[in-house]
Amino acid sequence: MQNEPNQSLKNRIAPGQQLTAPGKWPIIGQRQPSDSDRPWQISVAGQVEHSITLSLKEISALPQSSMTIDIHCVTRWSKLDANFSGVSLEHLLSLAQPKPSAKYVSFTSRTDNRHSSSLEIRTAINLKTMIATHHADQPLASNHGGPIRCIVPGRYFYKSVKWVETIELLDEDQLGNWEAESGYHNLADPWLEQRYMAPTIDKRTAAKLVASRNFSKQSLRSIDCSKRDLSGLDASQATLRDAKFNEAILNGANFEAANLANAHFRAAQLTNANFQAADVEGADFSGADLRGADFTGASMIGASFVQPADHPNPSNQELAAVLDRTTIIPKSERAKLLPVQLAYIEKFIDRT
Ligand SMILES: Nc1nc2c(c(=O)[nH]1)N[C@H]1C(S)=C(S)[C@@H](COP(=O)(O)O)O[C@H]1N2
Ligand SMILES: [Mo]
């Protein structure tokens, strides 16, 4: 959505998202490109009539455009009114002339794993995808994808590849890294909450795992353990992105070094649970009992402990975690919490 002045703020925050503090822009995922002396350039290749390669200087000589968009990250933070400028994808493609067989566009970055993401070409153009070089009229910072990154308005931010160097047109889709390795939804529409692909663990397998109480080192994305008795669970080093633990009994559970990004712990019993060195980015602890829980070394951007009273879904209103001085949330991570969440937890925990 563009920044029409009379559009109410609430209508601009996609479901399940919360605002970052004004002026804050978290760094998510990879933090730097590959170490290389090669000059930066962008190539458009694949199913095109003319493959092209452009230097940064040549990019800056193309028609420039500017847009102000709202960023929605899958780990539940949104940043409104981010201004970017650069060259539209539509213009770059017009120079290379896509063949009729071209249906998808894949963006690959200059990183050690050649990180990528893809979109349908039609969608990418309709959304006004930009190859951006500037944010708020300043050259893009390197940790935000500078000197040149993709910006895809209207999709979760994982579609916006940082340090883009290859734009490839394809007749068949090629899943990007987050989509293939972490199960992020390939369509990524924040208004439809398309965060993750469908679960891969069926009910029978889930029931067996619950009975064993041993999830350690297993890959269990999106598993549904809602309302289960899992006290004493060993889930150390497990992959549990998007897992559902709503109203589960997890007292004393061990989640050490587990990946719990966007996991659901609403009203779960988590006394003395161990979250040391876990990834709980975007996890929802609203209404959970976290007395004695330990988040030392955890990564907590976007984690929630309370749902505000004006939450659009009435069943979520004023669901607040139980915390006290025995809940350990390290200072370094408190600084990364969203303003509403920080204000809530600071009432309970030891400030030192
Ligand atoms: N090359 C590359 N691009 C990437 C990522 C990444 O890890 N590597 N992470 C994505 C994700 S998940 C998000 S939310 C945004 C974060 O951009 P930012 O760090 O500028 O906020 O970049 C996206 N683009
Ligand atoms: Mo993200």
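Counting starts at 1 for both ligands and their atoms, in listed order. Everything quoted here is computed from the prediction, not taken from an experiment.
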Pairs under 3.5 Å, nitrogen or oxygen of ligand 1 with protein nitrogen or oxygen:
unit_1: ligand 1; atom_1: 1 (N); unit_2: Gln30; atom_2: OE1; d: 3.3
unit_1: ligand 1; atom_1: 1 (N); unit_2: Ser109; atom_2: OG; d: 3.1
unit_1: ligand 1; atom_1: 1 (N); unit_2: Lys162; atom_2: O; d: 3.3
unit_1: ligand 1; atom_1: 3 (N); unit_2: Lys162; atom_2: N; d: 2.9
unit_1: ligand 1; atom_1: 7 (O); unit_2: Gln30; atom_2: N; d: 2.8
unit_1: ligand 1; atom_1: 8 (N); unit_2: Gln30; atom_2: OE1; d: 2.7
unit_1: ligand 1; atom_1: 9 (N); unit_2: Trp178; atom_2: NE1; d: 3.3
unit_1: ligand 1; atom_1: 17 (O); unit_2: Arg149; atom_2: NH2; d: 3.4
unit_1: ligand 1; atom_1: 19 (O); unit_2: Ile28; atom_2: N; d: 2.9
unit_1: ligand 1; atom_1: 19 (O); unit_2: Lys162; atom_2: NZ; d: 2.7
unit_1: ligand 1; atom_1: 20 (O); unit_2: His144; atom_2: ND1; d: 2.6
unit_1: ligand 1; atom_1: 20 (O); unit_2: Arg149; atom_2: NH1; d: 2.8
unit_1: ligand 1; atom_1: 21 (O); unit_2: Trp25; atom_2: NE1; d: 2.9
unit_1: ligand 1; atom_1: 21 (O); unit_2: Pro26; atom_2: O; d: 2.8
unit_1: ligand 1; atom_1: 22 (O); unit_2: Arg149; atom_2: NH2; d: 3.4
unit_1: ligand 1; atom_1: 24 (N); unit_2: Ser160; atom_2: O; d: 2.9

**Report entry** Aromatic ring pairing Phe157/Trp25, orientation class (parallel under 30°, perpendicular over 60°, tilted between)
**Finding:** tilted
Report task. Indicate the ring-plane relationship of Phe295 and Phe275, choosing parallel, tilted or perpendicular according to the 30° and 60° boundaries. Result -> parallel
Report task. Supply the members, apart from Val74, of the Ile/Leu/Val/Met/Phe/Trp/Tyr cluster built from side-chain contacts under 4.5 Å; use none for a lone residue. Result -> Tyr156, Tyr158, Trp178, Tyr184, Tyr196
Query - Side-chain donor-acceptor contact under 3.5 Å, Ser101 with Asp171 - result: no
Report task. For the pair Arg221 and Glu181, evaluate salt bridge (charged side-chain N to carboxylate O under 4.0 Å, His left out) and give the outcome as yes or no after the intermediate values. Result -> CA-CA 11 Å; Arg221 178 184 58 80; Glu181 291 157 24; over 6 Å; no
Requested in this report: First locate atom CD of Glu49, then atom NZ of Lys99, and finally report the distance between them rounded to the nearest 0.5 Å.
Outcome: 5.5 Å
